[in-house]
Amino acid sequence: KFGIETTTVDATDNAAWEAAIRPNTKVFFFETPANPTMDVADMAAICVIAKAHGITSVIDNAFATPALQRPMEFGADVVAYSATKMMDGQGRVLAGAICGTREWITNTLLPFHRNTGPTLSAFNAWVVLKGLETLDLRIRRQSENALKVAKFLESRVAKVLYPGLESHPQHALAMRQMEMAGPIFSLYVGGGRAEAHGLLNGLQLVDISNNIGDSRSLMTHPASTTHFGMAEAARLEVGITEDMLRLNVGLEDADDVIADLDQALRTIGR
Ligand SMILES: *Cc1c(COP(=O)(O)O)cnc(C)c1O
């Protein structure tokens, strides 16, 4: 409808960004860590390629938030947030934020914004502002908890995808870009949908929910919920398999979350 054409690239392959540039390429858009594959993109390298070609780089920083990762320090032009997630932090409102230079906001964003109307209600804005006051504390504790839970799960499931673990292929890059690895990660239970849904159904403390960034631990099955709209072949190409689950680790005692996952894993024979 807006006449926008897109090319998909593997965000972890810096050369792929350069190779995908066409005469009409205006924007590079990516998230890091990515939802739900937890791929980490090299912000500095990709933004250098963008600048050399007069391309605007837009980074979705929802998973890390500005408390843990500040993309403009790595050359990003525009940074976008789902404030619905960590910034609210308690699953109360839908909200978002877009950050850029005053010139970009005035000349590029505002004309579109004014004519299309995505305006946050005053109450939602107030809730997010209250959330921001505790964002730094919450995300650091949730990141500590996530690391403990991820380490536990590594010994019990087929694979854990968390940039905070040394087993993550881009662990070193992630730790150069992020102060901590954040509250969210994904895992492959092993098996298929039956095992993934079995684990979810066995949970007693962790809630089944598609939200992330909440101060309560939440787990979801991306293939049948958040990424259900993608064609199956496209899902499999990026690693969203039937046995994949995404976990947001909250502010509960990490040992309680581990105990819940432990008993739920036992219900599926792990
Ligand atoms: C949830 C999410 C969005 C969309 O945000 P909404 O607040 O649900 O509109 C965009 N990017 C990432 C990485 C997200 O996790």
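Both ligands and their constituent atoms are indexed starting at 1 by order of listing.
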The test is side chain to side chain donor-acceptor pair (under 3.5 Å); show your working for Asn61 and Gln69 and say whether it passes. CA-CA 8 Å; Asn61 197 32; Gln69 172 172 278; 2.8 Å; yes
Is a salt bridge present between Arg140 and Glu179, judged by a nitrogen-to-oxygen distance below 4.0 Å? yes
For Asp243 and Thr241, run side chain to side chain donor-acceptor pair (under 3.5 Å): C-alpha distance rounded to whole Å, both residues' side-chain angles, the deciding distance at 0.1 Å, then the answer. CA-CA 5 Å; Asp243 71 327; Thr241 57; 2.6 Å; yes
Tell me every residue that passes ring pair (Phe, Tyr, Trp, His ring centres under 6.0 Å) with His227, counting only those two or more places apart in sequence or in another chain. none
Backbone of Gly182 reached by a side-chain donor or acceptor of Ser143 within 3.5 Å: yes
Does Glu73 come within less than 4.0 Å of Arg70, counting only side-chain N to carboxylate O? yes
Those protein residues which place at least one heavy atom below 4.0 Å from ligand 1: Glu31, Asn35, Asp60, Ala62, Phe63, Ser82, Thr84, Lys85, Ala95, Ile212
